Amino acid sequence: MSDIPLQAVLSQVMLGLNNGAFYALLSLGLAVIYGMLEVVNFAHGALYMMGAFGALIGLEYLEAWTGIPGLRLTFWWALLLVPLVVGAFGVLVEALLLRRIARLEPIYGLLLTFGLALILEGVFANGFSAAGEPYNGKPEALEGVVNLGFMFFPRYRLFSMLVAVLSCVAVWWVIERTRLGAQLRAGTENPAVTSAFGINVPRLRSLTYFLGAALAGLAGVVAAPIYSVGPHMGAELIIVVFAVVVIGGMGSILGAVMTGLALGVLEGLVKVVYPPMANTVVFVIMALVLLWRPAGLFGREA
Amino acid sequence: MRESALVTAAASNAAAMPLLQVRDLHAWYGESHVLHGIRFEVPEGQLISLLGRNGSGRSTTLRAILGLVGRRQGSARIHGVETIALPTHRIARLGVGWCPEERAIFSSLSVEENLHLPPRLAEGGMPLDELYTLFPQLAERRRSQGTRLSGGEQQMLALARILRTGARLLLLDEITEGLAPVIVERIEATLQLLKSRAYTIVLAEQNLGVASRLADHIALIEHGQVVEAFAASELPARRADVEARLGV
């Protein structure tokens with residue numbers, strides 16, 4: 001270890017934390033949807049991809065498509081509006097498709113969302129470059145680097161970590177500390193009794209899917225200036241995110257966030273120590289955790 | 001003059017109209033037909049006890065009134081409103097509170113969160129202070145997770161939870177089952193208090209003693225049908241027959 005410069009370790013830790021922030025944001029949405037609806041949402045990566053495309057389309061294509069001169073969605077507007085659009089799309093998916101199979105085995109939800117992901121990827125691959133396009137709408141205020149003392153770190157990446165952490169805290173707060181969150185948790189635990197209290201459980205389910213999908217959309221918008229925006233960006237990431245959720249424990253909000261950040265950092269560290277392992281370390285850990293604690297690190301044993 | 005006549009008519013109408021009127025209620029769980037035309041009614045402020053053996057359909061009757069069965073047919077009117085086509089949460093908002101047999105205390109919520117969970121359905125729900133006076137054990141354990149409570153405490157919580165909402169029609173399923181005698185006494189006293197405050201109560205019970213002390217009306221249920229219905233005052237005369245039917 002002593003021949004590895006501290007500088008390299010620290011910079012990989014920072015980059016790892018940045019990746020981990022995306023893992024956390026995506027696995028949080030997955031955990032919310034699984035925890036509340038018991039749907040293993042394979043379309044989550046596609047929703048993330050839609051978020052990134054929402055930002056790209058808003059910036060580059062909206063003017064040409066609508067014919068309204070000067071109609072462009074700047075990054076800040078995209079950050080606000082695109083998650084709402086993706087969330088609304090999620091509500092449609094829940095109301096039109098998932099609700100019909102809610103009483104069936106979870107495998108049907110998994111297959112349905114998997115098929116949906118393939119369709120969405122196909123649609124975007126048809127209309128846009130499969131290799132991906134850069135998003136050139138990064139706001140000026142977030143250009144440049146910040147001196148962290150031990151390294152210079154891109155200002156935008158710091159911003160993306162901040163958005164991820166704030167979103168995670170906000171979601172945790174809503175679910176654990178508010179009346180709405182208590183109703184959501186109760187609706188998951190016992191839908192019959194919850195609706196017998198006069199609570200509209202189907203609407204809670206829509207709201208949950210909205211929240212999960214909007215989080216994926218938000219992650220997509222934030223990712224757009226960093227990664228190239230392409231139809232397969234979600235599929236590549238979602239496999240790791242699923243590993244994160246399995247390690248953290250399906251449905252555990254805290255578990256999803258902590259595991260996402262920790263695995264990002266771990267990936268970064270492995271990149272310094274033994275680069276060939278970097279892309280597989282997450283899956284090795286997943287296998288070990290499944291052997292040792294099948295419910296995940298933060299999951300409740302059944 | 002005319003107005004006061006109207007008021008009187010309305011009042012007598014309200015007195016005549018049962019708060020809950022169940023007619024020819026059928027219910028299915030999947031393929032199995034569980035209720036075969038249940039029929040009973042409860043005037044406002046009275047307590048009806050649904051008596052029957054295990055599996056006779058008492059609990060299902062309560063669930064069917066709330067629309068919590070696979071499929072239902074017939075008629076269930078609350079305050080004169082037909083509820084057969086309404087979703088469960090809309091039925092509840094007519095002012096119905098339900099204590100399920102399994103109590104269904106939410107394990108992820110504390111005692112106080114459990115109490116705060118059900119939205120207010122109407123004015124006049126009991127404030128938290130009063131509930132804690134009524135059930136001092138709950139006050140002591142207000143921060144505990146719901147499932148850490150004893151059976152009796154869970155039952156009190158399940159009851160307290162629906163009293164806070166302002167519900168005036170209470171559907172109580174086996175609320176004394178499996179509890180220590182001292183707790184059964186406490187719950188009976190609470191039900192007497194609720195009766196004195198003109199709550200309308202449907203009590204599904206197996207315990208004839210509890211039913212006989214509290215009920216205004218009794219309906220005997222067998223195979224998903226009401227086989228006998230009578231005023232509770234007739235119970236002493238019919239006791240032998242009722243006991244035979246209940247198999248006690």
Side-chain angles (χ1 to χ4, degrees), chain A residues 31-38 94-95 99-105 171-208 249-256 295-296 298-302, chain B residues 29-30 59-60 62-70 78 83 86-122 125 145-147 157-158 161-167 169-173:
Chain A
V32 167
I33 291 175
Y34 181 79
M36 307 288 158
L37 307 181
E38 297 197 322
E94 199 276 329
R99 191 166 294 178
R100 291 166 192 274
I101 57 164
R103 284 163 192 242
L104 303 179
E105 304 270 309
V171 170
W172 174 85
W173 184 80
V174 166
I175 290 182
E176 297 291 335
R177 287 287 178 269
T178 66
R179 206 179 141 71
L180 175 69
Q183 294 189 351
L184 281 169
R185 282 180 286 150
T188 310
E189 198 178 316
N190 195 330
V193 172
T194 308
S195 56
F197 288 157
I199 296 169
N200 189 342
V201 174
R203 199 165 64 197
L204 281 184
R205 294 176 65 92
S206 294
L207 186 71
T208 306
M250 294 292 279
S252 160
I253 288 165
L254 185 69
F298 296 82
R300 289 190 204 103
E301 302 284 343
Chain B
Y29 285 119
S59 294
T60 306
L62 300 189
R63 296 181 70 99
I65 290 168
L66 281 163
L68 289 170
V69 288
I78 297 170
T83 65
L86 293 181
T88 300
H89 69 273
R90 296 270 308 278
I91 300 173
R93 286 184 200 160
L94 294 170
V96 185
W98 176 48
C99 268
E101 187 174 7
E102 70 280 9
R103 293 165 194 145
I105 299 305
F106 290 95
S107 60
S108 57
L109 307 181
S110 70
V111 167
E112 199 142 303
E113 281 180 305
N114 266 287
L115 283 172
H116 279 298
L117 179 70
R120 274 184 198 289
L121 302 171
Q145 286 301 105
T147 40
L157 179 54
R161 193 167 61 173
I162 57 173
L163 294 179
R164 205 192 60 83
T165 65
L169 171 60
L170 308 181
L171 309 178
L172 309 179
D173 198 353

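In what follows, every heavy atom counts, from backbone to side chain, and hydrogens, waters and symmetry copies are set aside. First the proteins, then the strands, lettered A, B, ... as listed; each starts at 1. These numbers come from a predicted model, not from an experiment.
- Within the 4.5 angstrom heavy-atom criterion, no atom of B/L86 approaches chain A.
- Interface summary for chain A: among B/H116, B/E113, B/R161, the most heavy-atom pairs under 4.5 angstrom belong to B/R161.
- Donor-acceptor pairing under 3.5 Å is recorded for the side chains of A/E189 and B/S107.
- A distance-only check finds no donor-acceptor pair linking the side chain of B/R63 to the backbone of B/V69 [under 3.5 Å].
- Using a 4.5 Å cut-off between heavy atoms, B/L117 touches chain A through backbone and side chain atoms alike.
- If you measure heavy-atom distances from B/I162 to chain A, the contacts under 4.5 Å come from the side chain alone.
- In the model, A/E94 has a side-chain atom that pairs as donor or acceptor with a side-chain atom of A/S206 under 3.5 Å.
- Of the atoms belonging to B/P100, it is side-chain heavy atoms, and not backbone ones, that fall under 4.5 Å from chain A.
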Next on the checklist: side chain to side chain donor-acceptor pair (under 3.5 Å) for B/E101 and B/S59? Distances and angles first, verdict last.
Outcome noted: CA-CA 8 Å; B/E101 187 174 7; B/S59 294; 3.3 Å; yes

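- The number of heavy-atom neighbours closer than 6.0 Å to CZ of A/R100, taken from other residues, nucleotides and ligands shown, is 12 or below.
- B/R90 does not touch chain A: none of its heavy atoms, backbone or side chain, sits under 4.5 Å away.
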